[in-house]
Structure formats: structure tokens, C-alpha cells
Amino acid sequence: GSAGLALRPGDEAYAVKADASGVKIAARTLAGVRWAAYSLRQLAMAKRGTFKTAGRILPTVTISDAPHLAFRCIHLCWFPELRTQQIERAIRLAALLKFNYAILEPWGMYRSEKHPWWSWPEAKMTKDEVRRLVALGRDLGITLIPQIAAYGHAGAGRSCTAKPSVIDLQPEYEPLYEPGGWNWCLSNPAARSAVNELVLEMHEAFGNPPFFHIGCDEADPPTCPTCRTVKPYAKLVESHIAEVAGLLRKRGAR
């Protein structure tokens with residue numbers, strides 16, 4: 001019910017009234033109730049005058065709120081030096097701040113079962129850990145979106161060992177990349193097949209979310225002698241992106 005509160009339009013709208021008589025919340029959906037609770041949590045402070053927290057106090061306040069954006073997303077990079085607890089903390093904080101999506105981009109941290117060479121040794125982003133974080137996000141109201149660098153950033157890190165890429169660690173996989181390891185070599189069918197298989201594996205591990213981020217940023221012009229003979233090269237890039245997008249479309253994802 002509205003509890004006598006003014007409720008804005010929309011499924012995620014909520015209204016709150018807090019005073020000496022207690023707290024009232026009005027919402028149309030569980031999402032609205034969740035955002036109301038998160039707003040109260042942000043405003044609450046520990047009850048004063050005790051050794052340990054014995055309750056929380058709120059200001060007298062009336063709130064009527066609804067998001068302007070249906071898609072509210074934060075992009076999180078999982079670097080090798082980050083602990084799993086830091087990633088979880090970032091997801092929890094994003095949910096508290098009412099983001100409803102979070103992209104997780106692994107910098108060599110996703111431990112693929114199909115292509116174990118694609119990550120750091122003992123990488124922390126295992127399938128079990130991904131599924132745990134996805135379930136945590138679901139409880140918090142935030143959907144996790146996987147990312148793969150499907151074109152540039154291809155080695156799952158920087159070049160020149162600043163963030164060692166795949167071929168710094170395992171040079172036998174050099175044919176899958178442009179010389180230097182920054183782009184996937186799109187003229188190599190084995191490279192495109194590997195990207196496709198990684199995409200499908202990650203999408204399944206993340207619980208088949210409605211979105212998948214395929215990266216494709218900061219790609220360099222081709223230096224591979226085979227890629228350079230493809231004219232126009234843009235058509236090769238276009239066909240690669242369309243192929244990956246088509247695989248995801250069949251799984252119901254954008």
C-alpha cells in the first residue's frame with residue numbers, strides 16, 4: 001500500500017517517511033522496497049552512547065524517489081593485484097548506491113576451463129567464484145555482466161609487461177594475436193574460434209545474463225601481414241563483431 005505516501009510512477013519507485021512514530025515504506029515492487037531500504041541504510045547512523053551498536057537512528061525525513069535510468073551500470077576491472085574481497089566489496093557498494101548492473105572485466109583473471117592458457121596461473125576468477133558473486137548480486141538487486149576484450153586489449157592486459165599479456169607468459173599462443181599481442185588476429189580462424197568459445201563459457205558461468213560486454217576498444221591498426229591484405233580491413237572487424245553478437249543473440253543476450 002501507499003501508507004499515505006506520494007509514490008512516483010514506475011516499477012522501481014519508492015517513498016519513505018521516518019519520524020518518531022517509526023518508518024513507513026511505499027513501493028510497487030520488491031526493487032522499490034530494496035531501494036527504500038538502501039536509502040535508509042545510507043542515512044542511518046549507530047545509536048549513540050553505547051559500547052557496541054545497539055540500534056540505529058534516522059533523521060526525520062520524507063523521500064519520494066524513482067530512477068531516471070532503467071539501466072544503471074558500473075564497470076569494474078578485476079586486476080591481478082586485487083583480492084576477491086575487494087571485488088565483492090565493490091559489488092556491494094554499487095548495489096547500495098542503486099546501480100542495477102555491474103560489468104566485470106577480467107585482466108587475465110578469468111580461469112577458463114576450455115582455454116586455461118588465457119589467464120594468470122592460479123587466477124582467482126574461477127567459475128565457482130563467478131557463480132557465488134552472481135548469486136550475491138542477485139540477492140542485492142544487481143546483475144553482473146561479463147566482459148571479454150574481443151578485439152583490442154586482447155592479451156587480457158597491457159603490452160610491454162606492465163600488465164603481462166598472454167603471450168608474455170605463454171609465447172606459443174602468439175599466432176592468435178597481432179604482433180605485440182594487443183589485438184586478436186582476426187584473419188586467424190583459430191583466434192576467432194577461441195574468442196567465441198570464451199564468450200559462450202563466460203556467459204554460461206555468469207548465469208546467462210541479458211547483456212554481455214564484448215569490449216573492442218582501443219584496437220590498433222593491423223600489423224599482421226595476413227590482416228593487412230584484407231581490404232577493407234573494417235569488413236573483417238565488422239564480421240567478427242557480428243559473429244560474436246549473433247552467438248549472444250541466440251542465447252537471448254544483447
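Here, residue 1 is the first one in the sequence, and each next residue gets the next number.
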I need the minimum non-hydrogen distance between Pro222 and Cys227, along with the two atoms involved. CB-CB, 3.8 Å
Smallest heavy-atom separation, Met109 atom then Trp78 atom, equals CG-O, 3.3 Å
Sorted by chain and residue number, the side chain to side chain donor-acceptor pair (under 3.5 Å) partners of Arg92 (sequence neighbours excluded) come out as Glu88
How long is the span from the CG atom in Asp168 to the CD atom in Glu174, to the nearest 0.5 Å? 10.5 Å
What orientation do Tyr101 and Phe211 show, parallel under 30°, tilted 30 to 60°, or perpendicular over 60°? perpendicular
Could you tell me the separation between the CD1 atom of Ile145 and the CD1 atom of Ile103, rounded to the nearest 0.5 Å? 5.0 Å
Heavy-atom closest contact (His203 atom, Arg251 atom, distance): ND1-NE, 2.8 Å
For Asp217, does the CG atom sit with more than 12 other heavy atoms under 6.0 Å from it, leaving out its own atoms? yes
Between the side chains of His75 and Glu105, is a donor N or O closer than 3.5 angstrom to an acceptor N or O? yes
Can you list everything that forms a side chain to side chain donor-acceptor pair (under 3.5 Å) with Asn188? Sequence neighbours excluded, please. none
Where Leu82 and Ile87 come nearest, the two heavy atoms and their spacing: CD1-CD1, 3.9 Å
Can you tell me how the ring of Tyr177 sits relative to the ring of Trp117, calling it parallel under 30°, perpendicular over 60° and tilted otherwise? perpendicular
Determine whether the aromatic ring centres of Phe79 and Trp107 lie less than 6.0 Å apart. yes
Hey, are Tyr110 and Glu201 close enough side-chain-wise for a donor-acceptor pair under 3.5 Å? yes
Looking only at non-hydrogen atoms, find the nearest pair between Ile63 and Ser39 and report the distance. CD1-CB, 4.4 Å
Determine whether the aromatic ring centres of Phe212 and Phe206 lie less than 6.0 Å apart. no
Please determine, by modelled atom types, if Ser21 and Asp19 share a side-chain donor-acceptor pair under 3.5 angstrom. yes
Restricting to non-hydrogen atoms, name the atom on Lys17 and the atom on Leu5 that form the minimum distance, rounded to 0.1 Å. CB-CD2, 3.5 Å
